[in-house]
Amino acid sequence: KPVGDKDALCGKPLICPSLGMYDSLDNKVETKKLFDKFGIPTPKWSFVNNGKKMLEKPIANSAGGLGIKLAINNAGTGYFLEEYIEGCQSIGLQFFIYDEVEFICADEMLFHNNGNQLFTFRAQRNVPLEELPATLITDCFVLLEHLASRGYRGLIGIDALVKNGDYFML
């Protein structure tokens, strides 16, 4: 994690978010609230199971699907529940923010159940932009331009579910 605004490694400056920005984005509940602020669709979430198939997700430190599992109960300490939406493509979008927001690539991700109902994500194929809902890309740029205005610099990945032209940011 970065420790200040002038981080360096071997005398070279790092392009990375501040520690405060990193901690803010690592909190998945706060991220969902930010999506809501911009009207970006996300799967329904709660701390109480609403009787649907749900995923239990860590509030923080859940990169790459670590610690995500199917849940039938209410969320445990440090977790929240998110509606499990079946039949979607899982898309990983990559961007770089410096002077402006730049799109790098989009990859379809393969869900992998390792027998313990934990999900990991592995890139399966590159997805051309024209295959994705245009509003998904527009929402990504709105969100990332907001983060850039708050001082975010560096790489950033956004996960989304896509189905029949609709999408949900994760």
Side-chain angles (χ1 to χ4, degrees), residues 1-9 14-50 52-85 88-98 101 104-107 109-123 136 139-162 167-170:
K1 287 186 179 182
V3 294
D5 293 333
K6 296 185 170 61
D7 290 333
L9 181 65
L14 297 177
I15 300 172
C16 61
S18 67
L19 179 59
M21 180 74 72
Y22 183 91
D23 285 341
S24 170
L25 294 176
D26 193 42
N27 183 312
K28 305 304 181 207
V29 170
E30 292 304 316
T31 301
K32 282 195 161 282
K33 289 178 182 176
L34 183 61
F35 291 164
D36 188 51
K37 173 182 173 182
F38 287 105
I40 296 171
T42 66
K44 292 178 183 171
W45 66 281
S46 174
F47 291 96
V48 178
N49 193 331
N50 61 10
K52 294 184 177 180
K53 191 183 228 183
M54 305 288 276
L55 294 173
E56 186 177 61
K57 300 177 101 173
I59 291 172
N61 302 318
S62 62
L66 298 175
I68 298 174
K69 60 185 177 182
L70 289 172
I72 56 172
N73 300 316
N74 295 335
T77 303
Y79 291 82
F80 68 98
L81 298 174
E82 183 176 77
E83 184 180 2
Y84 180 72
I85 303 173
C88 295
Q89 279 182 293
S90 179
I91 305 292
L93 300 137
Q94 303 295 319
F95 296 85
F96 184 75
I97 302 173
Y98 194 67
V101 177
I104 298 174
C105 68
D107 292 306
M109 308 304 282
L110 176 66
F111 286 98
H112 174 68
N113 185 327
N114 70 1
N116 296 318
Q117 298 196 39
L118 290 172
F119 296 94
T120 58
F121 300 90
R122 298 181 184 168
L136 168 61
D139 280 348
C140 286
F141 273 91
V142 167
L143 174 67
L144 298 178
E145 287 166 359
H146 166 75
L147 295 178
S149 74
R150 294 192 52 222
Y152 190 103
R153 297 293 180 269
L155 290 169
I156 190 163
I158 297 175
D159 295 330
L161 298 176
V162 176
Y167 62 92
F168 304 90
M169 282 196 195
L170 302 176

Next on the checklist: With a 4.5 Å cut-off on side-chain heavy atoms, are M21 and L147 touching?
Outcome noted: yes
Checklist entry - For Y98, which residues count as a ring-ring contact (aromatic ring centres under 6.0 Å, His included) partner, sequence neighbours excluded? => result none
Next on the checklist: Do L81 and V48 have side chains that approach each other closer than 4.5 Å (heavy atoms only, starting at C-beta)?
Outcome noted: no
Checklist entry - When you look at F38 and H146, which way does the side chain to side chain contact (heavy atoms under 4.5 Å, CB included) test go after all the steps? => result CA-CA 10 Å; F38 287 105; H146 166 75; 3.5 Å; yes
Checklist entry - Should I156 and I97 count as side-chain neighbours, where that means a heavy-atom distance under 4.5 Å? => result yes
Checklist entry - Which is it for F95 and I158 under the side chain to side chain contact (heavy atoms under 4.5 Å, CB included) test, yes or no, and what are the steps along the way? => result CA-CA 8 Å; F95 296 85; I158 297 175; 4.3 Å; yes
Checklist entry - Taking atom CZ of F168 and atom OG1 of T42, what is their separation to the nearest 0.5 Å? => result 8.5 Å
Checklist entry - How far apart are the closest heavy atoms of E83 and M54, and which atoms are they? => result CA-SD, 3.6 Å
Checklist entry - With distance as the sole test, does R153 use its side chain to make a donor-acceptor pair with the main-chain N or O of A148 at under 3.5 Å? => result yes
Next on the checklist: Just so I know, are the side chains of I68 and P58 near enough to count as touching, which here means a heavy-atom distance under 4.5 Å?
Outcome noted: yes
Checklist outcome for this item: For I59 and F80, the nearest pair of non-hydrogen atoms, with its separation, is CG1-CD2, 4.0 Å
Checklist outcome for this item: What one should report as the nearest heavy-atom pair of N27 and V29 is OD1-N, 3.0 Å
Checklist entry - Can you list the residues that meet the ring-ring contact (aromatic ring centres under 6.0 Å, His included) rule with F96, with sequence neighbours excluded? => result none
Checklist entry - Do you know the tightest heavy-atom contact between L25 and K28? => result O-NZ, 4.0 Å
Checklist outcome for this item: One should read off an interatomic distance between Y152 OH and L143 CG, to the nearest 0.5 angstrom, of 10.5 Å
Checklist entry - For the ring pair F47 and Y79, is the centre-to-centre distance below 6.0 Å? => result no
Checklist entry - Which is it for S90 and D159 under the side chain to side chain contact (heavy atoms under 4.5 Å, CB included) test, yes or no, and what are the steps along the way? => result CA-CA 7 Å; S90 179; D159 295 330; 5.6 Å; no
Item to check | Any D139 side-chain heavy atom under 4.5 Å of M169 side chain | outcome: yes
Item to check | Sequence-distant partners of E82, salt bridge (Lys or Arg N to Asp or Glu O under 4.0 Å), two or more places apart | outcome: K32, K57
Next on the checklist: Between I40 and L34, is there a side-chain heavy-atom distance shorter than 4.5 Å?
Outcome noted: no
Item to check | K33: salt bridge (Lys or Arg N to Asp or Glu O under 4.0 Å) partners, not counting sequence neighbours | outcome: E30
Next on the checklist: Would C140 and L93 count as a side chain to side chain contact (heavy atoms under 4.5 Å, CB included) here? Give the steps.
Outcome noted: CA-CA 9 Å; C140 286; L93 300 137; 3.9 Å; yes
Checklist entry - Considering residues at least two apart in sequence or located in another chain, which fulfil the salt bridge (Lys or Arg N to Asp or Glu O under 4.0 Å) criterion with E145? => result none
Checklist entry - Under 3.5 Å, is there a donor-acceptor pair between the side chain of D26 and the main chain of A60? => result no
Item to check | With T31 via side chain to side chain donor-acceptor pair (under 3.5 Å) - residues at least two apart | outcome: none
Next on the checklist: So P43 and L170, do their side chains get closer than 4.5 Å, heavy atoms only?
Outcome noted: yes
Item to check | Test item: D107 side-chain N/O and G92 main-chain N/O as donor-acceptor pair under 3.5 Å | outcome: no
Checklist entry - Side chain of E56, backbone of G76: donor and acceptor closer than 3.5 Å? => result yes
Item to check | Flag side-chain contact, heavy atom, 4.5 Å: L161 against Y167 | outcome: no
